[in-house]
There are 2 protein chains.
Amino acid sequence: MSGKEIRRSMPLFPIGTVMQLTELTARQIRYYEEHQLISPARTEGNRRLFSLNDIDRLLEIKDLIDQGVNMAGIKQLFLVKQQHANEQEQQMKKEKRELTDEQLRKLLRNELLHSGRLNRSSLRQGDLSRFFH
Amino acid sequence: MSGKEIRRSMPLFPIGTVMQLTELTARQIRYYEEHQLISPARTEGNRRLFSLNDIDRLLEIKDLIDQGVNMAGIKQLFLVKQQHANEQEQQMKKEKRELTDEQLRKLLRNELLHSGRLNRSSLRQGDLSRFFH
DNA sequence: AAGTCATGTTAGGTTTTCTGACATGAACTT
DNA sequence: AAGTTCATGTCAGAAAACCTAACATGACTT
C-alpha cells in the first residue's frame, strides 16, 4: 500500500506501447493473459491498459519463455514467488510488533527514504527501472 | 545525455492516457502543441506519443494557465528556463575543467548516485514523480 | 460592438485494438 | 509415421481511439 506500489500498479499503457517496450507481439501478450499470467485493466471501451507491474511481469515471462519454461511452469513460479512475498510480509509485520517505538520510527523512516528493497525478488526478472529512474 | 534523460524523453503515452494523467482535454493538449509549447513524437500512423517530460510540461502549462498566463507568456517562461538551464550546464562544464582528476572522480560518482538535482528548476512546476518513484 | 483567446463541438477519415477462428511448425506421444 | 499439444502467426469484421479541419462560444480587451 505504499505510494510506490500504487504508482507501479496504475494502468497507463495501451498494448501498442507495451509491445514496443517488451518486444512481444500483441498475440503473445493476449495469450499470456488468456493463461492468466497477467491481468491488465481495461478501459471503458474494453481496451487493455497495462501498469508498470504488468510490464515487469511480461518481461519476466519473456525471460522464462526464452529459457524454455511453459505457461504452466511460469504460473507455478509466480505462485511460489507470491507466497514467498506474502511470508516475508508477515515476517515484517511480526518483527514490527516486537519493536519499541523508537526502533519503529527509525524503521519507518528508512522505508520512506529508500523504500522497497524487499519486493524485487531474487529471480532474474524483468526490469523496467531502465525506463524510469 | 544521462540514461535518466533518455528515459524521461522516451515517447510512451497516447493522448488518452495523457488526458487522464493531466486532466486536460484532447483539445487543450493539441492546442498547446499548435502553439509549440510541446512537441510530442508521432507514431508511424501519426498518433501523438508523449514522454514523461511532455507530461511534466503539460502539468506546468496547466499550472500557469490556472494562474492566468497566456500562451505567449508560457512560451517566454519556457524560453527563459531553457536558457537558465543551458547557462548552468556551461557553468558545470567550466567547473569540471578546473578540477583535479581525483575531484572529478568524486563528482562523477555523486552524479551517478543520486543523479539530477539540478535540472528540476525552481519554478513551481508539474511533477510526475507522484506517478513514478 | 468588434476582436482575440482558449476551449467546446461536430464531422469524416484513419489507425489501433478487440475477439474469434483457422493455420503452422516444433516438440512430444503413441 | 501419424496424431497431439503448444506457442504463435494471420485474417476478418467490429468497435474504440485518434486525427485534422472547421465552426461555435463565452470571457476578456480594446
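Proteins come first, then strands; the chains are lettered A, B, ... in the order of their sequence lines, and each starts at number 1. Values below: every heavy atom of this structure, side chains too, minus hydrogens, waters and symmetry copies. Quantities reported herein were computed from a predicted structural model and do not represent experimental measurements.
- Thr43(B) pairs by the side chain to side chain contact (heavy atoms under 4.5 Å, CB included) definition with Arg47(B), Leu49(B), not counting sequence neighbours.
- Extent of DNA chain D lying under 4.0 Å from chain A heavy atoms, first and last nucleotide in 5' to 3' order, is dC6(D) to dA17(D).
- The existence of a salt bridge linking Arg8(A) and Asp56(A) is confirmed by a sub-4.0 Å separation between a basic side-chain nitrogen and an acidic carboxylate oxygen.
- Within residues 23-30 of chain B, the residues that place at least one heavy atom under 4.0 Å from DNA chain C are, in residue-number order, Thr25(B), Arg27(B), Gln28(B).
- Residues satisfying the salt bridge (Lys or Arg N to Asp or Glu O under 4.0 Å) criterion with Arg30(A), sequence neighbours excluded, are absent altogether.
- As rounded to whole Å, 11 Å separates atom C1' of dT7(C) from atom NE2 of His35(B).
- Between the side chain of Gln67(B) and the main chain of Asp63(B), a donor-acceptor pair closer than 3.5 Å is present.
- Look at NZ on Lys75(B): it is 15 Å from C1' on dA6(C), rounded to the nearest Å.
- Looking at residues two or more places apart in sequence or on another chain, you find no side chain to side chain donor-acceptor pair (under 3.5 Å) involving Ser9(A).
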Identify each donor-acceptor pair in which a side-chain atom of residues 71-78 of chain A lies under 3.5 Å from a protein atom, sequence neighbours left out, and give them as a table.
none

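- As rounded to whole Å, 15 Å separates atom C1' of dT7(C) from atom CD1 of Ile61(B).
- Taking atom CD on Glu33(B) and atom P on dT7(C), their separation rounds to 15 Å, with Å as the unit.
- Listed by chain and number, the residues in a side chain to side chain contact (heavy atoms under 4.5 Å, CB included) with Thr22(B) are Val18(B), Leu24(B), Ile29(B), Ile55(B), Leu58(B), Leu59(B) (sequence neighbours excluded).
- Looking at residues two or more places apart in sequence or on another chain, you find no side chain to side chain donor-acceptor pair (under 3.5 Å) involving Glu23(B).
- The side chain to side chain donor-acceptor pair (under 3.5 Å) test applied to Asn46(A) returns Arg42(A), not counting sequence neighbours.
- Between Tyr31(B) and dA6(C) there is a side-chain polar atom (N or O) within less than 4.0 angstrom of OP1 or OP2.
- Of the residues in residues 40-50 of chain B, those placing a heavy atom less than 4.0 Å from an atom of DNA chain C are Thr43(B), Gly45(B), Arg47(B), in numerical order.
- Put simply, OH on Tyr32(B) is 15 Å from P on dC5(C), counting in whole angstrom units.
- For Asp66(B), the side chain to side chain donor-acceptor pair (under 3.5 Å) criterion is met by no residue, not counting sequence neighbours.
- Evaluation of the ring-ring contact (aromatic ring centres under 6.0 Å, His included) test over residues 33-67 of chain B, restricted to residues two or more places apart or in two chains, returns Tyr31(B)-His35(B).
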